[in-house]
Amino acid sequence: MNDHTHTDKTLQGNNKIESAIAALQQEPSQEMLAHTLTVIRRRMNEHGELIIAIDPSSAASGLQVQAIQTDDGRKWWAAFTSFDEELKGSGSVMSTFLTDMKQLFNSAITADNIQGIIINPWNRTIMLDKVLLRIILGEISI
């Protein structure tokens with residue numbers, strides 16, 4: 001089995017997340033947000049993975065997820081549902097890894113220097129702050 005088949009398998013189903021985010025962008029409401037979070041939780045429970053970009057300057061100190069800064073100065077980790085989404089971005093070639101959603105969400109909650117995770121920062125975007133991540137993980141209910 002080559003790497004590409006494995007990659008596609010763990011990312012398969014992430015299109016459901018993209019569709020849910022697209023619907024939320026069309027109709028921003030509490031109901032659509034709840035639906036989108038449910039879709040993300042389902043993918044997480046199926047051991048779905050996201051693509052993360054690694055900060056190349058952090059190699060010596062252990063790999064760190066690349067953070068992006070929003071206009072308000074806050075920092076977020078960037079994660080992507082597919083390689084297509086990742087390629088829409090900054091144009092710079094990034095070191096990327098596939099990572100388990102649950103593991104990533106748990107890490108983000110405990111990281112001090114970030115607000116949360118932005119999924120697909122260039123296109124089908126959703127900003128998951130630590131409260132939303134806790135909802136997805138089932139630690140708090142909506």
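Here, residue 1 is the first one in the sequence, and each next residue gets the next number.
- When all heavy atoms of Ala78 and Pro121 are compared, the pair lying nearest together is CB-CG, 3.9 Å.
- Side-chain contact check for Trp76 versus Ile117: every heavy-atom pair is 4.5 Å or farther apart.
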Begin from the C-alpha positions of Arg41 and Ile135 and carry the test side chain to side chain contact (heavy atoms under 4.5 Å, CB included) through to its verdict. CA-CA 9 Å; Arg41 178 188 294 151; Ile135 291 170; 4.1 Å; yes

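- Linking Ile, Leu, Val, Met, Phe, Trp and Tyr residues whenever their side-chain heavy atoms come within less than 4.5 Å leaves Ile21 and Ile118 in two separate clusters.
- If you chain together hydrophobic residues whose side chains sit under 4.5 Å apart, Leu137 and Val65 fall into the same group.
- Residues Ile119 and Met127 are members of separate hydrophobic clusters, defined by side-chain heavy-atom contacts under 4.5 angstrom among Ile, Leu, Val, Met, Phe, Trp and Tyr.
- Between Ile52 and Trp77, every side-chain heavy-atom pair lies at or beyond the 4.5 Å cut-off.
- For the atom pair OG1 (Thr36) and CD (Gln25), the distance works out to 9.5 Å, reported to the nearest 0.5 Å.
- For residues 107-135, the salt bridge (Lys or Arg N to Asp or Glu O under 4.0 Å) pairs, not counting sequence neighbours, are Arg134-Glu139.
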Tell me, with the steps shown, if Asn120 and Thr81 meet side chain to side chain donor-acceptor pair (under 3.5 Å). CA-CA 7 Å; Asn120 297 337; Thr81 50; 2.9 Å; yes

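- Rounding to the nearest 0.5 Å places CD of Glu86 at 9.0 Å from CH2 of Trp122.
- Atoms CD1 and CG, from Ile51 and Leu104 in turn, are 12.0 Å apart once rounded to the nearest 0.5 Å.
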I'd like to know whether Leu87 forms a side chain to side chain contact (heavy atoms under 4.5 Å, CB included) with Phe80, so could you lay out the CA-CA distance, the side-chain angles of the two residues, the decisive distance to 0.1 Å, and finally the verdict. CA-CA 10 Å; Leu87 291 171; Phe80 304 92; over 6 Å; no

Go through the steps to decide whether Thr10 and His47 satisfy the test side chain to side chain contact (heavy atoms under 4.5 Å, CB included), and finish with yes or no. CA-CA 8 Å; Thr10 58; His47 303 288; over 6 Å; no

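- With contacts defined as side-chain heavy-atom distances shorter than 4.5 Å, the pair Ile136/Met44 qualifies.
- Legend: residues meeting salt bridge (charged side-chain N to carboxylate O under 4.0 Å, His left out) with Asp71, ordered by chain and number and at least two apart, are absent.
- In terms of hydrophobic clustering, with Ile, Leu, Val, Met, Phe, Trp and Tyr side chains grouped at heavy-atom distances under 4.5 Å, Ile68 and Phe97 are assigned to different clusters.
- Applying the side chain to side chain donor-acceptor pair (under 3.5 Å) test to Asn113 and every residue at least two apart in sequence or in another chain returns nothing.
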For the pair Leu33 and Leu132, evaluate side chain to side chain contact (heavy atoms under 4.5 Å, CB included) and give the outcome as yes or no after the intermediate values. CA-CA 10 Å; Leu33 177 61; Leu132 294 179; 4.3 Å; yes

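- Residues Ile114 and Ile126 share a hydrophobic cluster, clusters being chains of Ile/Leu/Val/Met/Phe/Trp/Tyr side chains in contact below 4.5 Å.
- Leu133 contributes atom CG, which lies 10.5 Å from atom OG of Ser107 (distance to the nearest 0.5 angstrom).
- Residues passing the salt bridge (charged side-chain N to carboxylate O under 4.0 Å, His left out) test with Arg42, sequence neighbours excluded: none.
- With sequence neighbours excluded, the residues satisfying side chain to side chain donor-acceptor pair (under 3.5 Å) with Glu46 are Arg43.
- Across all non-hydrogen atoms, the minimal contact from Met101 to Ile40 is SD-O, 4.1 Å.
- Side chains of Ser82 and Asp84: no donor on one and acceptor on the other come within 3.5 Å.
- Between the CG atom in Asp100 and the CG atom in Leu98 there is a gap of 10.5 Å [rounded to 0.5 Å].
- The closest donor-acceptor contact from the side chain of Thr125 to the backbone of Asn123 lies under 3.5 Å.
- Atom CG of Leu50 sits about 14.5 Å away from atom NZ of Lys102, to the nearest 0.5 Å.
- With sequence neighbours left out, Glu85 forms a salt bridge (charged side-chain N to carboxylate O under 4.0 Å, His left out) with Lys88.
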